[in-house]
Amino acid sequence: MTASPQPVEPFDLVIFGGTGDLAVRKLLPALFHRFLDGQIPAGSRIIGIAREALDDDGYRGSLRSALVEAGGAQAKVEEFLGQVGYRPLDARKDEGWDSFAALISEQPEHVRVFYLSTSPELFVDICNRLGSYGLNRGQSRVVLEKPIGRDLASANQINDAVGRVFDESQTFRIDHYLGKETVQNLLALRFGNALFEPLWNAGHIDHVQITVAETLGVGRRGAYYDRAGALRDMVQNHILQLLCMVAMEPPASLTPDAVRDEKLKVLRSLRPIDESNAAQFTVRGQYRAGAAEGQGVPGYLEELEGGKSHTETFVALKAEIENWRWAGVPFYLRTGKRLPERVSEIVVVFKAVPHSIFGASAGPLAQNRLVLRLQPDEGVKLWLTIKHPGPGGLRLRHVPLDMSFAEAFGVSQPDAYERLLLDVVRGNPTLFMRRDEVEAAWQWADPILAAWAASGEAPRPYTAGTWGPSAAVALIERDGRTWDEDSE
Ligand code: BG6
């Protein structure tokens, strides 16, 4: 039996940065999908905010093609757009805020969600105005898109300023990786089955790999990306959150703080990487011209208007968690732009059997691997050793128990934002980052960034369309292991 989705109260969702890439490509299509599933109650309002001088119709027109592409019939697109409006506002000027406040106040009973999909430099101004125009009333919530700052100090400034207007319980720091189906499935897999938890420790797990590979380059996001780099853009948030979900102790329940307390303990147990060991445990790369999906593509520096940059577009790291469960188990993490394929995967590699009874003719005994595929082709594979069928001696093979979610459930997977947006409306912060988590993640990331800056070295070049610099291969091979690139 499948559980039906929980009902949602009528709400107002205000998207600051409403004309931006994230809003148009992700947030509005996600809301549209929820609308198609009947989860946007009648009377709910979605309001885009940006500086552009648009009216409701102009804004709707700018969304239409993205919504049609998201798979809706024209009539449904129009019905949905009937719930969408627009207000031109500048976070740094008062003009228009009175009338915006009046519009929001028309529905005092509605849950109010203010989604800040803008550059983090504007978070403080927006929250201050939301406060001074009396918009933090009743059931109001604020959603902060990553990145929250660019280091611990700037994250603290943002969190302090937001905290002067909204309580922590009203603040939803989004990390869309936590909304991906496979990540939530990790909870189900680990804590809904008796099989894994007894083996989920240094006694039985050899190492863990987390890869988030993208084929795209930075394209038009260069201005943002060049100030961020792969460590701030992907590792400090998405990849550390995945690591926490793999490594945390079983929470006593799924209540938000039970889960977040456990994740925080993992972040606080990460072994520091600083000037003393960064060269040993980290590899930075930057792509040069090469190929992506059969096409020639420019290098990172050519894409940047300015030309010169030490920003990393690739990073590989060997992380360790210093606690009883994980002592001595490396977590190899890597992410990069312009890699050969778009794939995000968590691979848990179990220890080899202590002794082979099969003899040399049976072939080598591979280690069991549990592969959680986040995208594309979401699913779980458990690689096992079995006997090759038929006579001819006992020959062994390594094959996966393979569960593709699309095949098993016959539905395409919802985008992460669909789940998370409705969690905000329902007021469920379990899959959002608490302030102390963000701080602990920066506490770990800051010394790495400082070590790189102090070294003065440029990132290692890699050709677009390859798996990063060869040093990233050496990082894991030095330990007698290899990156898992053949788990098809
Ligand atoms: C974003 C990063 O948070 O995640 C982008 O800023 C990255 O640089 C994106 O491309 C990847 O998300 P997804 O869901 O496509 O894997």
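For ligands, and for the atoms within them, numbers begin at 1 and follow the listed sequence. Model, not experiment: these values are computed from the prediction.
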Point to revise | Non-neighbouring partners of E437 that pass salt bridge (charged side-chain N to carboxylate O under 4.0 Å, His left out), sequence neighbours left out | key: K263

Practice item. Return the protein residues near ligand 1 (heavy atom under 4.0 Å from any of its atoms), ordered by chain and residue number. Key: K146, H176, Y177, K180, E214, R221, D233, M234, H238, K337, R342, Q375

Review point. Are there more than 12 heavy atoms of other residues, nucleotides or ligands under 6.0 Å from atom CD of E302?
Key: yes

Review point. What residues, two or more places apart in sequence or in another chain, satisfy salt bridge (charged side-chain N to carboxylate O under 4.0 Å, His left out) together with D160?
Key: R435

Exercise for review: Specify whether Y59 and Y86 have parallel, tilted or perpendicular ring planes, treating 30° as the upper limit for parallel and 60° as the lower limit for perpendicular.
Suggested key: tilted

Review point. Is the number of heavy atoms from other residues, nucleotides or ligands within 6.0 Å of CZ (R227) greater than 12?
Key: no

Practice item. Mind jotting down which residue pairs meet the side chain to side chain donor-acceptor pair (under 3.5 Å) criterion with at least one end in residues 440-450? Sequence neighbours excluded, please. Key: none

